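Here is the structure we will look at, set down as structure tokens.
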Amino acid sequence: MNHAWWKKAVFYEIYVPSFKDGNGDGVGDFSGITSKLDYLKELGIDGLWLTPFYPSPKVDNGYDISDYFGIDPSYGTMEEFESFLIEAHKRGIRVIADLVLNHTSSEHQWFKESRSSRDNPKRDWYIWKDQPNNWESFFSGPAWEFDEATDQYYYHAFAKEQVYLNWANPELRQVMFNVMRFWLEKGVDGFRLDVINFLKVQDSFPNNPYDHDKKEQIHLHDKDQEGITSVIREISEVIHQYPDKFIVGEVGSEEIDILKNYLGTGKLDVAFNFNIGSIGTFDVEQLYSELLATEEAYGLDQNATLFFSSHDMPRFISRFGGDNERAKLFAALMLTAKGVPFIYQGDVIGMQDWLPATLDAMRDVQGKLVYEKSMNDGLPREEAFKKAVEGCRDKSRTPMQWDSSLYAGFSESEPWITIPSNSVTVNVENQMNDPDSMLSFYHSLLKLRKHHRSLQSGEYEILQKQDDMIFFTRSAGQERVLVALNFSSEDKTIDVQTDRYALLLSNKRTSLINGNRLEVMPNETMILLKSEEKINSGEVHVS
Ligand code: NOJ
């Protein structure tokens with residue numbers, strides 16, 4: 001397992017409805033993705049994470065599956081999926097599928113049967129109670145819905161159309177294992193397991209406590225429950241029966257020790273670390289301390305993940321002030337520090353957040369539920385809308401901006417969600433041949449990473465912060481690389497005998513000045529190679 005492919009891979013998240021529309025209906029699809037595989041290959045991507053593409057009423061854009069064995073017609077046919085997979089593999093690109101094991105759509109046949117009567121054989125596949133407890137949905141509002149037909153409540157940790165499965169039921173578990181086998185046999189290279197640490201809830205359903213000022217519920221009994229790791233072991237066993245498969249878990253937890261507990265042989269390969277990934281505002285101190293905490297907790301045993309954006313959060317470039325030069329530092333960190341990187345579509349061209357101006361333009365169920373709750377709480381309409389915009393995840397879900405045409409080269413017709421007006425200037429076509437563009441910077445970083453083993457799998461020798469500059473060295477075998485990231489607005493220096501290093505990459509200069517101090521400019525990324533190795537290194541120069 002030490003040489004597992006995923007340890008060196010760079011993943012790229014494709015938000016399926018918004019990547020590329022191949023049939024002109026305004027929704028991204030498999031023929032569209034296939035048409036962009038050469039672009040992804042050229043960029044230097046090793047793996048794709050596809051958000052759910054199974055049939056779904058799309059209340060939560062596919063995270064509400066109504067059939068685990070098919071392809072949603074708006075994304076194409078099974079044949080189109082299969083040919084996409086073949087084409088990706090031909091280019092050496094692996095594909096991992098997003099799997100939602102915790103809940104199904106309320107439109108799923110299983111739930112229709114389950115809700116039809118209390119003694120239906122599938123009744124126990126879901127969680128039914130005579131009385132609800134106080135658990136709140138992770139989206140907003142109560143987590144229980146009353147179902148008149150059988151006079152009981154069912155549990156849903158997210159929207160009421162996302163009905164929770166009862167993993168304590170052995171029959172259900174077997175059915176879900178077959179779902180995994182089905183896709184593994186189709187040839188997918190692994191899974192991203194949605195909110196996997198919420199899979200099991202506390203059997204006795206005690207009420208959740210609230211924080212000090214009683215404002216927020218603490219999700220004590222509806223995640224990270226005893227017994228969860230043994231279920232994960234069963235899942236992992238099914239998946240790892242197939243050679244070379246990979247599992248990344250979405251583990252919503254702020255505790256690094258809890259995260260770590262989900263990892264290792266027989267469990268998840270990696271888990272998303274939101275402590276680093278979802279840092280809300282630009283804060284180098286916090287970033288550094290999270291990197292350090294992860295390194296201390298994981299060390300040689302586990303592999304971290306590195307990402308700063310996803311379809312669930314505002315794009316990092318917008319969170320950190322909308323500055324391209326600063327965003328490049330985060331890109332460099334993601335692709336050179338220790339961890340498995342997950343790039344989010346659009347970040348490579350510096351796409352920014354989009355904010356819906358009206359409730360009608362809002363697409364995300366979470367935003368709508370926040371609005372509903374705020375109105376129920378008696379907030380004035382404007383306030384409620386403001387809260388809804390804050391909570392809504394449409395910000396980062398707008399279509400990929402491929403070119404400056406009317407629908408940004410994403411589609412021939414009006415897309416399902418608004419195209420931001422800056423697509424006229426911020427797009428792949430414009431950046432492709434501009435050596436200073438964000439896209440070229442990512443391209444150079446990805447190329448460099450491919451040439452230098454220490455950037456893929458090297459251990460840290462140093463990991464330090466000096467004011468607002470983070471720098472580290474990573475080594476593998478004879479190779480040692482130094483990375484300095486100056487997040488400050490002032491020049492910084494490090495004690496380095498510069499004549500012993502070769503410049504591999506900088507976004508601010510083309511050569512090094514000899515001396516015993518290395519000067520790093522504001523917003524500069526510098527990547528240096530210890531010179532003994534430079535001869536065989538396959539050096540990359542960028543301007
Ligand atoms: C996490 C997914 O990333 C998010 O988009 C979804 O709404 C929830 N899980 C519920 O499935």
Side-chain angles (χ1 to χ4, degrees), residues 11-19 28 48-66 68 72 96-108 111 126-127 135-141 143 145 154-165 167 176 179 191-201 219 222-224 247-253 259 262 268 270-274 277-278 305 307-315 342-346 353 362-370 388 390-398 416-417:
F11 288 89
Y12 181 101
E13 179 191 354
I14 288 194
Y15 190 64
V16 176
S18 292
F19 188 67
L48 297 174
W49 151 26
L50 303 177
T51 55
F53 46 75
Y54 322 93
S56 160
K58 301 211 196 71
V59 170
D60 186 15
N61 261 341
Y63 286 92
D64 47 328
I65 300 172
S66 53
Y68 284 85
D72 191 273
I96 61 166
D98 208 325
L99 199 53
V100 189
L101 299 175
N102 302 29
H103 45 256
T104 72
S105 159
S106 51
E107 295 295 307
H108 198 296
F111 185 63
Y126 295 86
I127 297 171
W135 293 358
E136 287 173 5
S137 144
F138 288 90
F139 279 164
S140 185
E145 181 72 9
Y154 67 81
Y155 177 57
H156 59 89
F158 295 90
K160 66 178 190 309
E161 295 84 357
Q162 293 167 296
V163 192
Y164 240 62
L165 286 162
W167 272 75
M176 292 313 257
V179 167
F191 297 109
R192 178 256 191 197
L193 300 181
D194 191 59
V195 282
I196 197 65
N197 62 322
F198 301 0
L199 189 65
K200 194 175 177 306
V201 293
H219 288 278
D222 45 0
K223 59 181 221 177
D224 300 316
I247 320 174
V248 50
E250 186 196 20
V251 178
S253 173
L259 270 183
Y262 287 105
L268 306 175
V270 296
F272 289 137
N273 178 348
F274 289 95
S278 61
T305 50
F307 65 95
F308 291 103
S309 299
S310 80
H311 66 287
D312 284 334
M313 56 173 102
R315 290 183 182 276
F342 286 80
I343 297 171
Y344 181 50
Q345 70 177 45
D353 280 355
M362 192 177 286
R363 295 284 170 269
D364 179 29
V365 62
Q366 177 166 287
K368 291 179 191 164
L369 288 172
V370 169
E390 265 166 40
C392 114
R393 300 166 299 174
D394 291 335
K395 303 178 182 80
S396 59
R397 295 180 174 182
T398 57
W416 67 280
I417 188 170

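Ligands are counted one by one from 1 in listed order, and the atoms in each one are counted from 1 as well. These numbers were taken from a predicted model, which means no experiment stands behind them.
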One finds that the ligand 1 atoms under 4.0 Å from a non-hydrogen atom of Arg397 are 5 (O)
query: Under 6.0 Å between ring centres, would you say that holds for Phe307 and Tyr12?
result: no
If we number the atoms of ligand 1 from 1 as shown, the ones under 4.0 Å from a heavy atom of His103 are 10 (C), 11 (O)
Within 4.0 Å of some non-hydrogen atom of Phe139, the atoms of ligand 1 are 7 (O)
Taking only non-hydrogen atoms of Arg393 and a 4.0 Å limit, the atoms of ligand 1 in range are 4 (C), 5 (O), 6 (C), 7 (O)
Please check this pair: side chain of Asp64 against backbone of Glu161, looking for a donor-acceptor N/O pair closer than 3.5 Å.
no
In this structure, atom 6 (C) of ligand 1 is nearest to the protein heavy atom Asp60 OD2, 3.3 Å
Within 4.0 Å of some non-hydrogen atom of His311, the atoms of ligand 1 are 2 (C), 3 (O), 4 (C), 5 (O)
shortest atom 11 (O) of ligand 1-to-protein heavy-atom contact is with Asp194 OD2, 2.7 Å
Practice prompt. Show the numbers, then the answer: is there a salt bridge (Lys or Arg N to Asp or Glu O under 4.0 Å) between Asp60 and Lys58?
Written response: CA-CA 5 Å; Asp60 186 15; Lys58 301 211 196 71; over 6 Å; no
Within the 6.0 Å centroid threshold, strictly below: Phe272 and Trp49
yes
Partner of Tyr63 under side-chain hydrogen bond (donor to acceptor under 3.5 Å, both in side chains), picked from Asn102, Thr51, Asp98, is Asp98
- Message: Check this for me: does any side-chain nitrogen of one of Asp312 and Arg397 sit under 4.0 Å from a carboxylate oxygen of the other?
- Response: yes
Any non-hydrogen atom of Arg192 lying under 4.0 Å from ligand 1?
-> yes
re atom 3 (O) of ligand 1, the protein heavy-atom contact at minimum distance is Asp312 OD2, 2.4 Å
Tell me whether Asp394 is salt-bridged to Arg363, with the criterion being a basic N under 4.0 Å from an acidic carboxylate O. no
